[in-house]
Amino acid sequence: MARDDIAALIPHQGGMCLWEHIVEWDDTRIVLETASHRDPENPLRVDGKLRALHLCEYGAQAMAVHGALRAAPRQARPGMLVALRSVTFTCDYIDGLAGALRVEAVCLQSAESSQQYSFKITHNGAVAAEGRAAVLLKLPS
């Protein structure tokens with residue numbers, strides 16, 4: 001799946017849709033790739049730079065894509081990122097990294113009202129960021 005297919009799955013549109021390609025996925029994990037961190041128009045940039053902290057948004061969007069794929073053919077319920085845990089970074093900025101970023105997000109827990117994932121974002125095989133995230137899902141009315 002390419003960027004337009006990904007954008008159709010999540011609420012993030014335009015430059016805020018950060019992932020460009022789904023490499024593989026199954027019911028418990030997803031792998032995506034992108035070079036959006038190199039785009040000078042990336043909306044997360046400040047003064048032309050993109051901090052590694054923004055890799056948390058990349059991880060959260062990977063979770064959203066996976067959740068939408070798992071929910072199909074129904075529409076995924078909206079969620080709100082409520083916690084980040086044990087997040088580590090190996091660099092301060094990512095805009096200068098040549099080539100693609102790759103994420104592997106693994107669903108650790110999925111319930112009607114929440115999901116928890118681990119995520120690992122790599123560049124050229126080296127870890128750039130990793131951690132865990134929790135999402136609170138909107139309950140059906």
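Sequential numbering from 1 along the given sequence is applied to the chain's residues. Nothing here was measured: the structure is a model prediction, and the numbers come from that model.
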#### Entry: ILVMFWY cluster, L55 and V87 together (side-chain gap under 4.5 Å)
yes
### Query
When you look at L139 and E112, which way does the side-chain contact (heavy atoms from CB on, under 4.5 Å) test go after all the steps?
CA-CA 7 Å; L139 292 173; E112 185 176 0; 4.0 Å; yes
### Query
Taking all non-hydrogen atoms of both residues, which atom of C91 and which atom of A52 are closest, and how far apart?
O-CB, 3.2 Å
### Task
Spell out, yes or no, whether L81 and F89 are grouped together once hydrophobic residues are joined by side-chain heavy atoms under 4.5 Å, including indirect joins.
yes
### Query
Hey, mind stepping through Y58 and V103 against side-chain contact (heavy atoms from CB on, under 4.5 Å) and telling me if it holds?
CA-CA 8 Å; Y58 280 78; V103 67; over 6 Å; no
### R38 side-chain N/O to A100 backbone N/O, donor-acceptor pair under 3.5 Å
no
### Task
Considering non-hydrogen atoms only, spot the tightest contact between G67 and A76 and give its length.
O-CB, 4.1 Å
### Message
Is there a continuous path of hydrophobic side-chain contacts, each under 4.5 Å between heavy atoms, that joins V65 to M1?
### Response
yes
### Query
If every non-hydrogen atom of S114 is compared with every non-hydrogen atom of Q109, which pair is closest and at what distance?
OG-OE1, 3.6 Å
### Query
Would you say L137 and S113 make side-chain contact, with heavy atoms under 4.5 Å?
no
### Query
So which heavy atom on P43 is nearest to which on G15, and how close?
CD-O, 3.5 Å
### Query
Counting distance only, does the side-chain N/O of T34 pair as donor-acceptor with the main-chain N or O of L18 below 3.5 Å?
yes
### Message
Is it the case that atom CD in Q75 sees more than 12 heavy atoms from other parts of the structure closer than 6.0 Å?
### Response
no
#### Entry: Salt bridge flag under 4.0 Å for residues D27 and R70
yes
### Message
Check whether N42 reaches the backbone of S36 with its side chain - one donor and one acceptor, N or O, closer than 3.5 Å.
### Response
yes
### Task
Take M16 and E57 through the side-chain contact (heavy atoms from CB on, under 4.5 Å) test and state the conclusion after the steps.
CA-CA 10 Å; M16 272 309 295; E57 175 64 22; 3.9 Å; yes
### Task
Rounded to the nearest 0.5 Å, what's the gap from CD1 on I6 to NE2 on H12? Could you check?
12.5 Å
### Side chain H37, main chain L97, donor-acceptor under 3.5 Å
yes
### Query
Within the side chain of T90, is there an N or O that forms a donor-acceptor pair under 3.5 Å with the backbone of V127?
yes
### Query
Do side-chain atoms of Q115 reach the backbone of S110 as a donor and acceptor pair under 3.5 angstrom?
no
### Query
Is the shortest side-chain N to carboxylate O distance from R102 to E33 below 4.0 Å?
yes
#### Entry: Option among L32, I121, V31 that satisfies the side-chain contact (heavy atoms from CB on, under 4.5 Å) test with E104
V31
### Query
Got a donor-acceptor contact below 3.5 angstrom from the D47 side chain to the K49 backbone?
no
### Task
Say whether W19 and W25 are linked into one hydrophobic cluster, either directly or through other cluster members, by side-chain heavy-atom distances under 4.5 angstrom.
yes
### Message
For R29 and E24: C-alpha separation, side-chain torsions, deciding distance, then whether side-chain contact (heavy atoms from CB on, under 4.5 Å) applies.
### Response
CA-CA 8 Å; R29 67 186 272 281; E24 61 181 304; 3.4 Å; yes
### Message
Treating H66 as the side-chain partner and Y117 as the backbone partner, does any N or O pair qualify as donor plus acceptor under 3.5 Å?
### Response
no
### Message
Under a plain distance cut-off of 3.5 Å, with no hydrogens placed, do R132 and S86 share a side-chain donor-acceptor pair?
### Response
yes
### Message
With a 3.5 Å distance limit and no angle check, can you tell me whether R3 reaches the backbone of C17 through a side-chain donor-acceptor pair?
### Response
yes
### Task
Find the distance between OG1 (T122) and CG (L101) and round it off to the nearest 0.5 Å.
8.0 Å
### Short side-chain to backbone donor-acceptor contact, R51 and H54, under 3.5 Å
no
### Query
Would you say I30 and L69 make side-chain contact, with heavy atoms under 4.5 Å?
yes
### Connected via hydrophobic side-chain network under 4.5 Å: M63 and L53
yes
